[in-house]
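We count ligands from 1, going down the list as the structure has it; atoms in each ligand are counted the same way.
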Amino acid sequence: MTTVNDAAWELLRHHGMTTVFGNPGSNELPFLAGMPEDFRYVLGLHEGAVLGMADGFAQATGRPAFVNLHAASGSGNAMGALTNAWYAHTPLVITAGQQVRSTVGQEVMLSNVDATVLPRPLVKHAAEPTCAQDVVRTLSQAVHTATLDPAGPVYVSVPYDDWAAPVGTDTAHLLDRRVVAGGAVAEAEIARMAGLLDAAEAPVLVLGPDVDSARANDDAVVLAERLGADVWVAPSASRCPFPTVHPAFRGVLPASVTGITERLTGHDVVLVIGAPVFRYHQYDPGEYLPAGTRLLHVSCDPGEAARAPMGDAVVTPIGPAVAALAEAVTERGRPARWDTAEGADEASVPDAGARAAGGRLVAADVLATIDALAPRDAVYVNEATSTVGDFWANIRMRRPGSYYFPASGGLGFGMPAAVGVQLADPQRRVIAVIGDGSANYGVTALWSAAQYRIPVVFVILNNGTYGALRGFATKLDALNAPGLDVAGIDFVALAEGYGVPGRRAATLEELRAALTDALAADTPTLIEVTTEALAR
Ligand code: TPP
C-alpha cells in the first residue's frame with residue numbers, strides 16, 4: 001500500500017526539494033520517519049534559524065525550499081524570520097505537524113488551533129487538508145503557489161495520523177503536471193516606457209532585489225549602458241542587483257522621502273525595476289519626487305505596484321522585461337562622467353595601523369580589509385545595521401547573487417541565511433558580516449554550520465551596542481530610551497561552544513591573518529572584531 005507519506009516524499013523529490021530544513025517535535029516524527037535516503041535533513045536549533053537557513057537557501061538557488069516546523073510553537077518561533085521571507089519574495093513551503101485529526105477540537109497538547117490563521121498575513125496561502133487523501137495535492141498546490149510570481153512562503157499544517165493513511169488514487173497526476181506563468185512581457189507597455197526613456201533628457205535607473213532574484217543583472221547593465229543612465233539601488237536593499245564596480249553605480253538610495261527626492265533631483269524620468277516604490281524607513285515627510293519628474297515602475301508583484309503612492313506601474317515578469325527594455329531603448333552612448341568615476345575596481349587597503357580612539361577598529365577599515373582579501377566572487381550576507389553605508393562603500397560586488405540582507409529588517413536572518421546560501425552555493429565563499437546585537441537573534445545557526453561543515457566565514461562587528469538604534473534615538477529625540485547596549489558578550493566563546501573555531505582580531509593585521517586562515521579553511525570560522533560604536 002502506498003501511504004500519504006510515501007507519496008509526499010515522491011512529490012518533493014519530483015520538485016527537486018530534497019533538503020528539509022527543520023526542527024522536530026512529536027507531531028512531526030511520523031512524517032520524518034519516512035524520509036528516504038536521497039533526502040537530507042538540516043537541523044536548526046531554533047525555528048528562526050531554520051527559516052533563515054531555508055530563506056538563504058531558496059534565495060540563492062532561486063528554487064522553493066522545504067521547511068518542517070513543530071506545531072504552533074515552532075511556527076510562532078519562525079514568524080519573525082517569516083517577515084523577511086515575505087518581503088524577499090522567497091518561495092518556501094513551510095509544513096507544521098498537527099495533532100491527530102480527531103483530537104484537535106479538544107485542544108489536546110500541541111494542537112495547532114486555527115492553524116491556517118496563525119501564519120497570516122506573512123504567507124501567500126495557508127491550508128490544512130480536509131482529509132488525509134488531500135495532503136499530497138495540498139502540498140503540490142503549496143509548491144506551485146510558492147513559486148509563481150510574486151514568489152513567497154506558503155504554510156501547510158498536517159495532522160500526523162494522515163501520513164500512514166492510504167494515498168488517494170489520483171496522486172499520480174500531481175507528478176505529471178507543470179504549472180508555469182506565461183511569462184509574457186507586457187510588450188505595449190515596454191514600448192511605451194522605452195519611448196518615455198528615449199524622450200527623457202536625464203533618465204535614471206533604480207534597481208531592486210527582484211532584479212537579482214530574476215538574474216537580470218547583466219541585462220540591467222546593458223539597459224544602463226544603452227541609456228547612459230546612472231543606477232541607484234532601491235532603498236533598504238536586500239540584494240545587489242547591479243555590479244558595484246560599474247561606473248554607472250551610484251550607491252543605495254537612502255530610505256527617506258526627502259533623501260530620495262534629493263538624490264533624484266535633476267532626472268526627468270526615473271525607472272524603478274524589481275523593488276517597491278519605495279521601502280522608506282525613517283519618517284521624513286516631504287515631496288515624493290522632484291517637481292516635474294516622472295516615475296515608471298516595473299514590478300512582478302501586483303500588491304507592490306498597487307500600493308505605491310506614485311508613478312505608472314506595469315506588472316510583468318522582471319527578467320524578460322529588463323531584457324526587452326534593454327533592447328527597446330535607443331543607444332545614447334557612454335556619458336563622459338563615467339570615465340571620471342572613481343576606479344571602483346581597485347582595492348584600497350586600509351593602513352594596518354588605523355584605529356579609532358579607544359583602541360577600537362573603524363568598521364569601514366574592517367570592511368575594506370575584508371574586501372581586499374575576499375575572493376572576487378565572494379557572497380556576502382550583511383546584518384550589521386549601523387554600518388550598511390560603510391558596507392556598500394567598501395565591498396565590491398560583481399556577480400549576481402552576491403548580497404543578502406534581511407528584507408523586512410527583522411534581525412536573526414544573517415547568520416542562518418549565510419549557512420543556507422553557502423549550502424546552496426558551495427563554489428562561492430560566503431562571508432557573513434554580523435553586528436553583535438544582530439548575532440544573538442540567530443546565533444544557533446553556528447551549530448548547524450559546525451555540524452554540517454558549512455564553511456561560512458562569520459565576522460562579528462562587536463561595538464557593544466545597538467548602533468542603529470543609537471542613531472535613531474538621536475533622530476527621534478529619544479536619547480533616554482533604555483536597553484540600547486549589549487556589552488559583555490564573548491563571541492569567540494559562544495562560537496567555540498557551538499563547535500565553530502573562533503578568533504579575536506584587535507588590529508587590522510590580526511584581522512588580515514585571521515581572514516586569510518578562515519578563507520583557507522574548509523570549516524566555518526568566526527572572527528570577532530572590536531569596532532567603534534558609532535559608524536562614520
Ligand atoms: N528585533 C528584531 C527581530 N529586529 C529588529 N530590527 C530589531 C529588534 C530592532 N533593531 C534594529 S537595528 C538593531 C535593533 C535591535 C541593532 C542591531 O545591532 P547590531 O547588530 O549590533 O548592529 P549595529 O547597529 O550596532 O551596527
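Distances between N or O atoms of Ala468 and those of ligand 1 include at least one value under 3.5 Å. At under 3.5 Å, not a single nitrogen or oxygen of Gly410, backbone or side chain, sits near a nitrogen or oxygen of ligand 1. Ligand 1 has no nitrogen or oxygen under 3.5 angstrom from a nitrogen or oxygen of Thr387.
Taken to the nearest 0.5 Å, the CD atom of Gln282 stands 8.0 Å off from the OG1 atom of Thr258.
A cation-pi arrangement is absent between Arg396 and Phe249, since the terminal nitrogen or guanidinium carbon is not both under 6.0 Å from the aromatic centre and inside a 45° cone about the axis.
Aromatic ring centres of Phe57 and Phe21: separated by under 6.0 Å. Between Tyr403 and Phe391, the gap from one ring centroid to the other is short of 6.0 Å. The six-membered or imidazole ring of Phe491 lies away from that of Phe458, with a centre-to-centre distance of 6.0 Å or more.
For atom 17 (C) of ligand 1, the closest heavy atom belonging to the protein is Thr385 OG1, 3.3 Å. For atom 2 (C) of ligand 1, the closest non-hydrogen atom of the protein is Leu411 N, 3.7 Å.
Taking every non-hydrogen atom of Gly467 and a distance limit under 4.0 Å, the qualifying atoms of ligand 1 come out as 23 (P), 24 (O), 25 (O). Heavy-atom contacts of Ser438 reach the following atoms of ligand 1: 17 (C), 19 (P), 20 (O) (cutoff under 4.0 Å).
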Using the side chain to side chain donor-acceptor pair (under 3.5 Å) rule, take Thr530 and Asn462 through it: C-alpha gap first, then chi angles, then the decisive distance, then the call. CA-CA 5 Å; Thr530 311; Asn462 189 346; 5.8 Å; no
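Within the 4.0 Å heavy-atom shell around ligand 1 one finds Gly409.
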